[in-house]
Number of protein chains: 4
Amino acid sequence: MSIASLQNAFFQLRSNRLFEFFVVSIILISALVIGAKTYQLPPTFLSWVGFLDTAITVFFLIEITIRFIGEPNKARFFHNAWNVFDTLIVVVSLIPIQDSEMALIGRLIRIFRVLRMVSIIPELRVLLNSLVKALPQLGYVLLLMFIIFYIYAALGSTFFADINPVLWQDISISMLTLFRVMTFEDWTDVMYEVMHVYSFGWAYFLTFIFLTTFAFLNMVIGIVVNVMEDEHQKENHAKGEPTLAELQAQIQELKQLIQNKQL
Amino acid sequence: MSIASLQNAFFQLRSNRLFEFFVVSIILISALVIGAKTYQLPPTFLSWVGFLDTAITVFFLIEITIRFIGEPNKARFFHNAWNVFDTLIVVVSLIPIQDSEMALIGRLIRIFRVLRMVSIIPELRVLLNSLVKALPQLGYVLLLMFIIFYIYAALGSTFFADINPVLWQDISISMLTLFRVMTFEDWTDVMYEVMHVYSFGWAYFLTFIFLTTFAFLNMVIGIVVNVMEDEHQKENHAKGEPTLAELQAQIQELKQLIQNKQL
Amino acid sequence: MSIASLQNAFFQLRSNRLFEFFVVSIILISALVIGAKTYQLPPTFLSWVGFLDTAITVFFLIEITIRFIGEPNKARFFHNAWNVFDTLIVVVSLIPIQDSEMALIGRLIRIFRVLRMVSIIPELRVLLNSLVKALPQLGYVLLLMFIIFYIYAALGSTFFADINPVLWQDISISMLTLFRVMTFEDWTDVMYEVMHVYSFGWAYFLTFIFLTTFAFLNMVIGIVVNVMEDEHQKENHAKGEPTLAELQAQIQELKQLIQNKQL
Amino acid sequence: MSIASLQNAFFQLRSNRLFEFFVVSIILISALVIGAKTYQLPPTFLSWVGFLDTAITVFFLIEITIRFIGEPNKARFFHNAWNVFDTLIVVVSLIPIQDSEMALIGRLIRIFRVLRMVSIIPELRVLLNSLVKALPQLGYVLLLMFIIFYIYAALGSTFFADINPVLWQDISISMLTLFRVMTFEDWTDVMYEVMHVYSFGWAYFLTFIFLTTFAFLNMVIGIVVNVMEDEHQKENHAKGEPTLAELQAQIQELKQLIQNKQL
């Protein structure tokens, strides 16, 4: 069998819906194994799980090899971030692990294997891509929010550090405390403590809550508007709906036609 | 009286607005009886409630019989999920109950009789159907969210199980804990406990909150956009508004007309 | 001076922007008096507040009389719910109060006088009317939500009453507890308590949270869509923008014209 | 070098992207210095930070001078609120500080220097302006919300002050407590305490939550609708899309043309 026909066969295979379904099942089993390991299990079961684990690693190695051989353009294979992720997961799984430090990384790798679900199911990949694509649009709102957090945290750690060092010791701990205030988690406890020393402490917390809520709302509305505009345009294109400008051009054309007719 | 005329009479009856109103009243009384039973009541009142209960069961039996006889196409009757639900509720109510195990089921059935409100009021039925119809559209977002939960729960039960077994013992308990974190319910207590051991524990919680909030927002926006598109199309159809493409076709026609005129 | 000219003068007066501004100021002072009374005050100040109180009552009496006389159509005056509300507030303020029971009602009336702000400022009246108008549209969603609450409360008080009577004693207390769960306020404490007895208790709480969140989202989205449709239509009407159907009719007319021309 | 050419050179400089980038870097360093000061630092590092601080102040003085000289129209310079803010920050930084009271103000000024990030990056300035512009539209909703808060706080401090003076002592403390209830932060603790005395206390809290949630929702929806309308109009203008009214006018013109042709 020539290499070209092998590549062709593998390309067919990786595009096959049944093959995809089979890979998804293996990932599901791998996820279940990860879940099962967190329970107290009898030793016989554990050895079975260990065996399954090795089997899954081998299967993933074979699968990634099939997909690599099946790729017509080898160079492009690693341009796809998902392929790089998949390969990395498989390669690290193969490293023999002895000491306990590495064992931890081994467990981590096994857990992240569940993310292969996203890399294998096209709809999830599209969804995640659209999530990631939405981020830069929000860049400036996130920056503004960070500035608000930073200024309030600087104020907080300057004035409140002596009141409760656990919450306001330095700027990074203060930012964590402010995030807690933003989620309304026991924020009044934090405020009442401050108000015992500074009676106008409520102004600090209320302005912070108003500013962040307002900025958050703005961010959400920004996403909604963007998504709806996109959807609107996509829909219009899909339906082959002409734009108003196109209609206008056609009416103009008609006018020209009538004017030229009887000269 | 022939069976056909009886069926016709019953069909008239079940479509009758007054009959519907009467059934709703009975369901309301049945709901009140359920509510009343949860209070400390004098025994005389309790025996009255027991009698009412039997009366309601008998009434529901009669009502479902009327609706079944009134149905022109008997086979289609059980294709409607609501009819199946109604019949099941009535049938289970009829089973004589002795031992306490069954008594519990009897009480459950009586409580679920309140759901018959949804099956009898058309507007509520439409509302619930639209809710159920919205679910599959969200399928992939829900799957993505489940994957996020699963990975974080696996990480949590791997690393934090020794810190607090009540919250992180195994993967299912960890998922419940993560759901709690997602609702911001005392999430800082959970985080601070973890940060005593792993000082970078905040990264685990903050990334989890960002990811789930973002996915949740995406889901909400997805529903909003879908609902608005639907509404938009429905409205346009209802008003008999032509599409832009139709207008374009008509302008094209005009052009043809002018060009053909003077040849 | 004839009654007609008096009515005319008063009609002018009540439509006068300066008069409105003066009434708003009096209401503001009345609001400040109410606020001031909640502080520990010296007795001399209190007697001043008492005097101001009487003065405000007298002023409101005069103001409502002016508005009533100024009304061209006396019968229509009490068709306006806000006028009825204003008159009631003034009339009850006039009743001399001796015993302490009535003194409480007197204080209540004084507090509700702040609501006159809404009745006097047209923009607030419009806003509140639009809020009230939005309610019936949500009627069925609210009914569905109430049914969900009722069924879960019935289940809760049936099964959990023995676990914690303070939270689940009867159906009304259970509904209050469920509202608390819906606002995520210490809901895990409620759940963990239940899970000690019924290990599958989490299913009860999670399904409840999903259902109510989903119904709530649906309600919000319903309002958004309604408001946007209204806004859209209002805007189009205001701009004198023709509908697509109107454009279609005009193109049709053109076609007719061309066809008729050369016969 | 003449003053005019100097002004021109400085105008070029302040519009220069590289200069902007350099100023942003300095602000970033200034922000890092503020953050660093909140940590426990060795004294040598602290003296370095003090030196950096002076350097930043001098740099900001030079930068604002360049921008002022570079401004073609000197009078307009202080019409821009951001320029006033920048100048104020620099001027106050220059005041020599001795006693501890002033030292505090010095630290405050240094923290607010981070806000210069907003004044220097055009995109953030636009974002903040749009946030500020959205506020007046919400004016009446905010007023309505304030009235709701005021009335409930007056009721609360009248009836509940004896139950818990810490939460309901006077009207301002009651408003803070109600804000806490609005954020759902331990609101049931507040309610249960009240319900021990007034068993219908839940009605007070539930109506308050419904009213404020409803008003808040209304506000959010108001912003969404406004933003989307703006976006819609902006987009249509940007694309040079004609309005339907323009299309109608052109069809009318066509009609005129046809009618005039063959007379």
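FYI, side chains are in, hydrogens and waters are out, and symmetry mates aren't considered; it's all heavy atoms of this structure. Per chain, numbering begins at 1; letters A, B, ... match sequence-line order. Predicted model only: the values in this text are computed from it and were never measured.
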Candidate pair E123(A) and L143(B), rule side-chain contact (heavy atoms from CB on, under 4.5 Å), full reasoning: CA-CA 11 Å; E123(A) 286 87 354; L143(B) 179 57; over 6 Å; no
Other residues, nucleotides, ligands: >12 heavy atoms within 6.0 Å of Y39(A) OH: yes
F146(A), CZ: over 12 other non-hydrogen atoms inside 6.0 angstrom: no
Top contributor to chain B interface from L108(A), V118(A), V126(A), I34(A) [non-hydrogen pairs under 4.5 Å]: L108(A)
Heavy-atom pair count under 4.5 Å with chain A, highest-scoring of D170(B), I171(B), I147(B): D170(B)
Options D189(B), L206(B), D186(B), I148(B), ranked by heavy-atom pairs under 4.5 Å with chain A, top entry: D186(B)
Heavy-atom pair of closest approach, residues E185(A) and E185(B): OE1-C, 4.2 Å
Region of [X] that comes under 4.5 Å of a non-hydrogen atom in chain A:
{"X": "A154(B)", "value": "both"}
{"X": "S172(B)", "value": "both"}
{"X": "L217(B)", "value": "side chain"}
{"X": "M175(B)", "value": "neither"}
{"X": "I209(B)", "value": "side chain"}

Which atoms of I111(A) approach chain B - backbone, side chain, both or neither, heavy atom under 4.5 Å: both
Short side-chain to backbone donor-acceptor contact, Y150(B) and A31(A), under 3.5 Å: yes
Test of ring centre spacing under 6.0 Å for F179(A) and W187(B): yes
Return the [atom1] to [atom2] distance between [X] and [Y], rounded to the nearest 0.5 Å.
{"X": "L128(A)", "Y": "L144(B)", "atom1": "CG", "atom2": "CG", "answer": "6.0 Å"}
{"X": "R125(A)", "Y": "Y140(B)", "atom1": "CZ", "atom2": "OH", "answer": "12.0 Å"}
{"X": "L176(A)", "Y": "M195(B)", "atom1": "CG", "atom2": "CE", "answer": "5.5 Å"}

Student check: side-chain heavy atoms of R180(A) and Y192(B) closer than 4.5 Å: yes
Side-chain heavy-atom pair T188(B), T183(A) within 4.5 angstrom cut-off: no
Evaluation steps, side-chain contact (heavy atoms from CB on, under 4.5 Å), between I173(B) and T38(A): CA-CA 10 Å; I173(B) 288 180; T38(A) 64; over 6 Å; no
